[in-house]
Amino acid sequence: MNLFLLYLLLLKGTVTAFAGLASLPVIQDSLVAHHHVLTDKQLNEAVVITRSSPGPVGLYIVSVGYFVAGVPGAIAGWLAMRTPAGIMIPLVHIVGRRMENPRVRSVLQSVVIASAGLLLAAAVPLARDGLTDPVTTGIALVSFGLLLTTKIDTLWIILGAAIASLSVTALGVVTQLG
């Protein structure tokens, strides 16, 4: 794939979604479904890599670029991730002075609602690819429950899920169920 086209497709994802993983449906549609240069599994791996390391959630764009075109693709992903931030700095300055305006507030609330919808749309393909057996489904349900009902930091939930998965695998439960 042409690096400039990759940059534009990744930029489209980062610009159309204002919250980290909300760009997943756009990226999935562009690179997996339409151009066939990335698989759902690679997209999942990019998200896992990003969620397992420090930094912004939207950093998965760099991993996606790497999966598509190696180091030059990662650079294209990094540029696509950074471009909106460079544009947003003057925009925040302008909007910040008008935050009390009802129209500005309405627009910002609409963006938040749209991002939430995009996150939900992104969760479906990830769940289809990641929830492959009763153990992973159970881990996901317990993690979701903990996130909704407690104030446990997500780092501990992720660590607990990894330990549970490793324990189940070490005990051979997954092969007995499969």
Side-chain angles (χ1 to χ4, degrees), residues 1-96 99 104-132 136 140 143-144 147 153-155 157-159 161-162 165:
M1 167 172 270
N2 175 323
L3 284 176
F4 185 69
L5 177 60
L6 177 62
Y7 166 76
L8 290 177
L9 293 173
L10 294 174
L11 181 63
K12 175 183 160 188
T14 59
V15 168
T16 58
F18 295 100
L21 294 177
S23 61
L24 270 172
V26 176
I27 299 298
Q28 196 277 342
D29 182 60
S30 295
L31 298 177
V32 176
H34 189 284
H35 290 282
H36 309 288
V37 293
L38 189 72
T39 66
D40 279 323
K41 184 175 191 269
Q42 289 172 316
L43 185 57
N44 264 350
E45 288 174 8
V47 171
V48 168
I49 289 166
T50 300
R51 297 298 294 158
S52 305
S53 60
V57 177
L59 192 61
Y60 85 95
I61 295 290
V62 176
S63 297
V64 166
Y66 180 80
F67 281 132
V68 172
V71 173
I75 293 168
W78 180 80
L79 289 171
M81 186 186 72
R82 300 297 301 154
T83 301
I87 294 169
M88 289 304 294
I89 292 170
L91 191 60
V92 166
H93 180 70
I94 293 166
V95 171
M99 275 303 289
V104 172
R105 284 197 130 142
S106 177
V107 167
L108 293 176
Q109 287 174 340
S110 298
V111 168
V112 169
I113 290 168
S115 292
L118 285 169
L119 283 170
L120 183 61
V124 173
L126 288 174
R128 246 187 267 136
D129 192 44
L131 303 176
T132 57
T136 56
S143 298
F144 185 67
L147 284 170
D153 192 87
T154 55
L155 172 67
I157 294 173
I158 292 169
L159 184 62
S165 179

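Just so it is clear, the structure is predicted and the values come from calculations on it, not from any experiment. Quick note: residue numbers are just sequence positions, from 1.
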What do the steps show when you test Val68 against His35 for side-chain contact (heavy atoms from CB on, under 4.5 Å), and what is the final call? CA-CA 11 Å; Val68 172; His35 290 282; over 6 Å; no

Nearest heavy-atom neighbours spanning Asp40 and Val32: OD1-CG1, 3.7 Å

Student check: side-chain heavy atoms of Leu10 and Val62 closer than 4.5 Å: no

Starting at CG of Asp29, measure out to NZ of Lys12 and round the result to the nearest 0.5 Å. 6.5 Å

Give a yes or no answer on whether the side chain of Tyr60 reaches the backbone of Leu24 with a donor-acceptor pair at less than 3.5 Å. yes

Quick check: closest heavy atoms across Leu3 and Pro72, and the distance to 0.1 Å? CD1-CB, 3.5 Å

side-chain contact (heavy atoms from CB on, under 4.5 Å) between Leu79 and Leu11: does it pass, once the steps are laid out? CA-CA 8 Å; Leu79 289 171; Leu11 181 63; over 6 Å; no

Are the side chains of Leu31 and Leu6 in contact, using a 4.5 Å heavy-atom criterion? yes

Rounded to the nearest 0.5 Å, how far apart are CG of Asn44 and CZ of Arg51? 13.0 Å

Check Thr50 against Ser63 and note the closest heavy-atom contact, atom names and distance. OG1-OG, 4.2 Å

Apply side-chain contact (heavy atoms from CB on, under 4.5 Å) to Phe67 and Thr39, showing your working. CA-CA 9 Å; Phe67 281 132; Thr39 66; over 6 Å; no

Verify the neighbour count for atom OH of Tyr66: are there more than 12 heavy atoms of other residues, nucleotides or ligands below 6.0 Å? no

Verify side-chain contact (heavy atoms from CB on, under 4.5 Å) between Thr14 and Thr83, making sure each step is shown before the conclusion. CA-CA 9 Å; Thr14 59; Thr83 301; over 6 Å; no

If I compare all heavy atoms of Ala46 with all of Val64, which pair ends up nearest, and what's the gap? CB-CG2, 3.8 Å

